[in-house]
Q: 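So that we are looking at the same thing, I have put the structure below in structure tokens.
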Amino acid sequence: MKILTVVGARPQFIKAAVVSRILKGKAEEVLVHTGQHYDHNMSDIFFEELNIPKPRYNLGISGGSHGQMTGRMLEAIEEVLIKEKPDKLLVYGDTNSTLAAALAAVKLHIPVYHVEGGNRLGTLDNPEEVNRICTDHVAIRLMACTSSALGFLEKEGLAERASLVGDPMFDAFVYYGTAVTETHKNALTDFDGNAVKRPEKFYYLTCHRQENTDTDEKLAEILKAMDSLDAPTVYPVHPRNRTAVERVCKQFDFKNIIVVQPVGYLTSISLVNGAEKIVTDSGGLQREAFFAEKQCVTVFDHVIWPETMVDNRNQLASPDANDILQKLSAAQKINPDYKPFGDGHSGEKIVEILLS
Ligand code: UD1
Ligand code: UDP
């Protein structure tokens, strides 16, 4: 069996690492990288650290408007599909790469297998929601990470195509977590490439969503909250908002925020495990905070991972310094028996469905 996998963005490399490792030797996998993320620290570093096979194709498509990026990918992926003639297409998550690949395949009657199906925010204003809904509805098999995601698929009439498999990000956290070394812990660099020392006590921030970075005011509020905390914040900055972060940090002269280049997965996990608390707008990082039992505040208007939103373990905040600080100060409660993201073996279940 020939399976063609399309990835393009940072979180997809991590999920693909989990599944490709298990798929190896059981089917031929053709890996296609759209090029959506392309900086070394946004792409190659994940392939190197997680031993992901080199993609057979890199389409080199990134940037532009959502329509431009998706349209260019659709055309280029169609060409690859026609050439490779795979039996199945495998896609992850909700990026423009996911949507473009799903559309290209379904129009060629190639069955689409979607990992991380079913998550819903309830608003089409969010670009990833549009990608998720369209991909789910053209996919032949939907693999949900959580029971809430499965519930959304059932409500949309997709129950017969859907299975609950658990979260490959949890698999990655368990499997690759053991590979974190002191080198990964000390791999922080500033924008000029100089090594940056990680403080003993720190908070971990990531913030890159379109919704939080479209104006300096929102970013300034988030950074103001972090700057006022009792320990420095380590903030690896996504290239999307690097210029804005530099501008806002200069304007407000923040002294308690350590701004660094994006880090590799193992360094990110080491930051998760070492942090006091986590503030983020990332879907992946809020789950990793949960896996590591670190309290998280998600700066976003919508719940994307409802299972994490219990006992103050993950709370939504608006991009408002007071709101973020208030949420950070609430005590969390941990129930060690509560494991809503599966058993760390979703990769095996995904492969079983792919091969069936
Ligand atoms: C995308 C996903 C988002 C996911 C995120 C993961 C969509 C619609 N959104 O958002 O769901 O959370 O990836 O990180 O697909 N850029 C660089 N270098 C890079 C990558 C990006 O400079 O290596 C720049 C691009 O040129 C672009 C901007 O960052 O101008 C945003 O990148 P893009 O891939 O469009 O969206 P993300 O914010 O990364
Ligand atoms: N991450 C990383 N380096 C960073 C920031 C995040 O490796 O500099 C990891 C993070 O630990 C998580 C994943 O990237 O595993 C989340 O990706 P991202 O926030 O880009 O996308 P999202 O999850 O929001 O789709």
Side-chain angles (χ1 to χ4, degrees), residues 1-34 46-47 49-57 77 80-81 84-95 97-98 101-102 104-106 109-119 132 135-136 138-147 149-150 153 158-179 265 283-284 287-288 291 339-356:
M1 186 187 295
K2 190 188 223 182
I3 294 167
L4 191 136
T5 302
V6 176
V7 292
R10 177 164 71 184
Q12 293 167 334
F13 309 142
I14 301 163
K15 294 161 202 168
V18 167
V19 175
S20 294
R21 183 171 43 81
I22 299 164
L23 195 55
K24 202 171 162 194
K26 299 188 174 81
E28 180 191 356
E29 186 180 31
V30 177
L31 197 59
V32 178
H33 187 326
T34 59
F46 294 88
F47 286 79
E49 278 189 352
L50 306 179
N51 284 320
I52 309 169
K54 201 175 152 49
R56 195 174 296 176
Y57 298 85
I77 294 167
V80 176
L81 289 170
E84 290 288 343
K85 298 185 181 48
D87 298 298
K88 294 173 180 179
L89 174 92
L90 170 62
V91 283
Y92 299 92
D94 53 17
T95 70
S97 300
T98 312
V106 73
H109 306 146
I110 297 167
V112 176
Y113 286 65
H114 184 206
V115 173
E116 214 179 273
N119 296 71
R132 279 190 287 271
T135 305
D136 282 343
V138 299
I140 192 164
R141 289 302 302 268
L142 297 156
M143 290 160 267
C145 295
T146 58
S147 31
L150 190 67
L153 294 173
L158 300 172
E160 279 184 12
R161 302 188 224 161
S163 312
L164 179 63
V165 295
D167 185 1
M169 288 300 264
F170 183 48
D171 293 25
F173 182 82
V174 173
Y175 185 86
Y176 297 105
T178 56
Y265 177 72
R287 269 125 84 210
E288 285 158 358
F291 306 154
K339 304 256 181 232
F341 291 95
D343 58 3
H345 291 283
S346 75
E348 283 85 345
K349 294 176 192 109
I350 291 166
V351 167
E352 202 179 306
I353 291 170
L354 272 172
L355 298 179
S356 65

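Residue numbers start at 1 and run along the sequence shown. All values below come from the heavy atoms of this structure, side chains included, with hydrogens, waters and symmetry mates left out.
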Q: Should the ring pair Phe170 and Phe291 be called parallel, tilted or perpendicular, given that the plane angle runs from 0 to 90° and is split at 30 and 60?
A: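 It falls in the tilted class, 30° to 60°.
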
Q: Please check: side-chain N/O of Lys2 versus main-chain N/O of Val30, any donor-acceptor pairing under 3.5 Å?
A: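 Not a single qualifying donor-acceptor pair exists.
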
Q: Please check if the side chain of Asp136 supplies one atom and the backbone of Gly118 the other of a donor-acceptor pair under 3.5 Å.
A: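 At least one qualifying donor-acceptor pair exists.
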
Q: Just how far is it from atom CD1 of Ile140 to atom CD1 of Ile353, taken to the nearest 0.5 Å?
A: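 The CD1 atom of Ile140 sits 12.5 Å away from the CD1 atom of Ile353.
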
Q: Under 3.5 Å, side chain of Gln12 to main-chain N/O of Gly8, donor-acceptor pair present?
A: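 Side chain of Gln12 to backbone of Gly8, a donor-acceptor pair under 3.5 Å: yes, one is there.
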
Q: Is Arg21 close enough and on-axis enough to Tyr175, meaning under 6.0 Å and within 45°, for cation-pi?
A: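 Judged by the rule, Arg21 and Tyr175 form a cation-pi pair.
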
Q: Please answer whether the main-chain N or O of Val18 pairs with a side-chain N or O of Asp171 as donor and acceptor at a distance below 3.5 Å.
A: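 Checked: no pair found.
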
Q: Using the six-membered ring wherever Trp is involved, compare the ring planes of His33 and Phe47 and label them parallel, tilted or perpendicular (cut-offs 30° and 60°).
A: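 The rings of His33 and Phe47 lie parallel, inter-plane angle below 30°.
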
Q: Take Met169 and Cys145 through the side-chain contact (heavy atoms from CB on, under 4.5 Å) test and state the conclusion after the steps.
A: CA-CA 9 Å; Met169 288 300 264; Cys145 295; over 6 Å; no

Q: Within a radius of less than 6.0 Å around CD of Glu352, do more than 12 heavy atoms belonging to other residues, nucleotides or ligands occur?
A: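 12 or below, so no.
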
Q: Begin from the C-alpha positions of Tyr92 and Val19 and carry the test side-chain contact (heavy atoms from CB on, under 4.5 Å) through to its verdict.
A: CA-CA 10 Å; Tyr92 299 92; Val19 175; 3.1 Å; yes

Q: Would a distance-only check, ignoring hydrogens and angles, find a side-chain to backbone donor-acceptor pair under 3.5 Å from Tyr265 to Phe173?
A: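 Checked: pair present.
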
Q: Hey, could you give me the CD1/CG distance between Ile350 and Leu23, rounded to the nearest 0.5 Å?
A: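 The CD1 atom of Ile350 sits 10.5 Å away from the CG atom of Leu23.
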
Q: Ser163 side chain to Val165 main-chain N or O, any donor-acceptor pair under 3.5 Å?
A: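 Pair absent, no side-chain N/O of Ser163 close to backbone of Val165.
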
Q: For a salt bridge (Lys or Arg N to Asp or Glu O under 4.0 Å) with Glu28, tell me which candidate from Arg56, Lys85, Lys88 qualifies.
A: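 The passing option is Arg56.
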
